[in-house]
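The model shown is predicted, which means the values in this text are computed figures rather than measured ones.
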Amino acid sequence: QVYFAESGAGLVQPGGSLRLSCAVHVSIFDWFAIAWYRQVPGKQRDFVAHIGGDGYTNYADSVKGRFTISRDRAKTMVYLQMNDLKSEDTAVYYCNFLPSRENYWGQGTQVTVSS
């Protein structure tokens with residue numbers, strides 16, 4: 001069963017921008033916070049940003065000021081606007097609950113920042 005479906009993969013030059021989308025296939029009635037995570041092969045999956053059911057947002061220090069997380073009014077889509085991208089932002093990006101639930105991980109979407 002697919003709970004979260006990420007999209008928006010792209011190859012961007014350093015300093016460029018990209019917007020990722022997360023289709024939320026979980027009842028709006030039972031979620032409070034959804035987060036973006038990212039993972040580089042061979043490394044742990046890290047927290048990037050989250051948005052609460054009330055619209056509260058929080059960001060990892062590494063992306064603060066550059067990334068913006070948002071959602072649509074129906075809470076069926078969560079977005080991650082990424083600006084001023086750096087090579088270290090290269091990773092597979094995932095969305096999941098905060099805290100994450102193991103059985104809810106999707107396929108993720110690849111973001112590559114390279115010149």
Side-chain angles (χ1 to χ4, degrees):
Q1 183 175 349
V2 176
Y3 295 100
F4 300 101
E6 304 90 347
S7 63
L11 193 161
V12 185
Q13 294 186 343
S17 298
L18 193 67
R19 190 178 79 156
L20 305 182
S21 299
C22 171
V24 181
H25 300 292
V26 180
S27 174
I28 189 174
F29 189 71
D30 63 9
W31 75 266
F32 289 88
I34 292 178
W36 282 97
Y37 303 83
R38 65 188 182 186
Q39 185 174 37
V40 176
K43 298 185 178 181
Q44 68 178 7
R45 183 180 270 129
D46 294 327
F47 166 83
V48 176
H50 99 267
I51 185 165
D54 60 354
Y56 173 84
T57 59
N58 177 253
Y59 302 88
D61 288 341
S62 59
V63 306
K64 193 172 298 181
R66 299 188 297 119
F67 291 12
T68 301
I69 187 170
S70 62
R71 58 169 169 79
D72 66 350
R73 294 179 184 273
K75 299 183 180 180
T76 57
M77 298 291 292
V78 176
Y79 306 97
L80 185 68
Q81 177 64 48
M82 305 181 291
N83 298 324
D84 191 25
L85 284 162
K86 305 176 184 300
S87 60
E88 51 262 44
D89 294 318
T90 295
V92 176
Y93 285 70
Y94 303 85
C95 49
N96 202 327
F97 287 114
L98 180 71
S100 62
R101 301 182 186 182
E102 286 304 305
N103 293 335
Y104 285 58
W105 293 114
Q107 296 300 306
T109 188
Q110 177 71 51
V111 173
T112 302
V113 184
S114 177
S115 59

Assigning hydrophobic clusters by single linkage (Ile, Leu, Val, Met, Phe, Trp, Tyr; side-chain heavy-atom cutoff under 4.5 Å), is Ile69 placed with Val48? yes
Please determine whether residues Tyr79 and Val26 belong to a single hydrophobic cluster, defined as Ile, Leu, Val, Met, Phe, Trp and Tyr linked transitively by side-chain heavy-atom distances below 4.5 Å. no
Taking all non-hydrogen atoms of both residues into account, name the closest pair between Tyr94 and Gly106 and its distance. CE2-O, 3.5 Å
Smallest heavy-atom separation, His25 atom then Val2 atom, equals CB-O, 3.5 Å
Min side-chain heavy-atom separation Leu11-Gln110 under 4.5 Å: no
Taking C-beta and beyond as the side chain, do Val40 and Arg38 meet within less than 4.5 Å on heavy atoms? no
Closest non-hydrogen contact found for Leu80 with Ala49 is CD1-CB, 4.4 Å
All heavy atoms of Ser17 vs all of Asp84, minimum pair found to be OG-N, 4.3 Å
Would you say the side chain of Gln81 lies within less than 4.5 Å of the side chain of Ser70, judging by non-hydrogen atoms? no
Any side-chain heavy atom of Asn103 sitting closer than 4.5 Å to one from Tyr3? no
Candidate list Glu102, Gln107, Arg101, test side-chain contact (heavy atoms from CB on, under 4.5 Å), partner Trp105, passing option: Glu102
Give me the ring orientation class for Phe4 and Tyr104: parallel if the planes are under 30° apart, tilted from 30 to 60°, perpendicular past 60°. tilted
If hydrophobic clusters are built from ILVMFWY residues whose side chains come within less than 4.5 Å, do Leu98 and Val92 share one? yes
Where is the tightest heavy-atom contact between Ala9 and Thr109, given as atom of each residue plus distance? N-OG1, 2.9 Å
Below 30° counts as parallel, above 60° as perpendicular, anything between as tilted: where do the rings of Tyr93 and Phe67 land? tilted
So do Val12 and Val111 actually touch side chain to side chain, heavy atoms under 4.5 Å? no
Taking every non-hydrogen atom, the tightest pair across Ala33 and His50: CB-CD2, 3.8 Å
Contact between Glu6 and Trp36 at the side-chain level, heavy atoms closer than 4.5 Å - yes or no? yes
Check whether any side-chain N or O of Asp72 sits under 3.5 Å from a backbone N or O of Met77 as a donor-acceptor pair, and report yes or no. yes
Do the non-hydrogen side-chain atoms of Asp89 and Met82 ever get within less than 4.5 Å of each other? no
Is a side-chain N or O of Ser115 found less than 3.5 angstrom from the main chain of Gln13, in a donor-acceptor match? no
Can you measure from CG (Asn83) to CG (Leu18) and round to the nearest 0.5 angstrom? 10.0 Å
Quick one: is the NZ or CZ of Arg45 closer than 6.0 Å to the six-membered ring centre of Tyr37, and within 45° of its axis? no
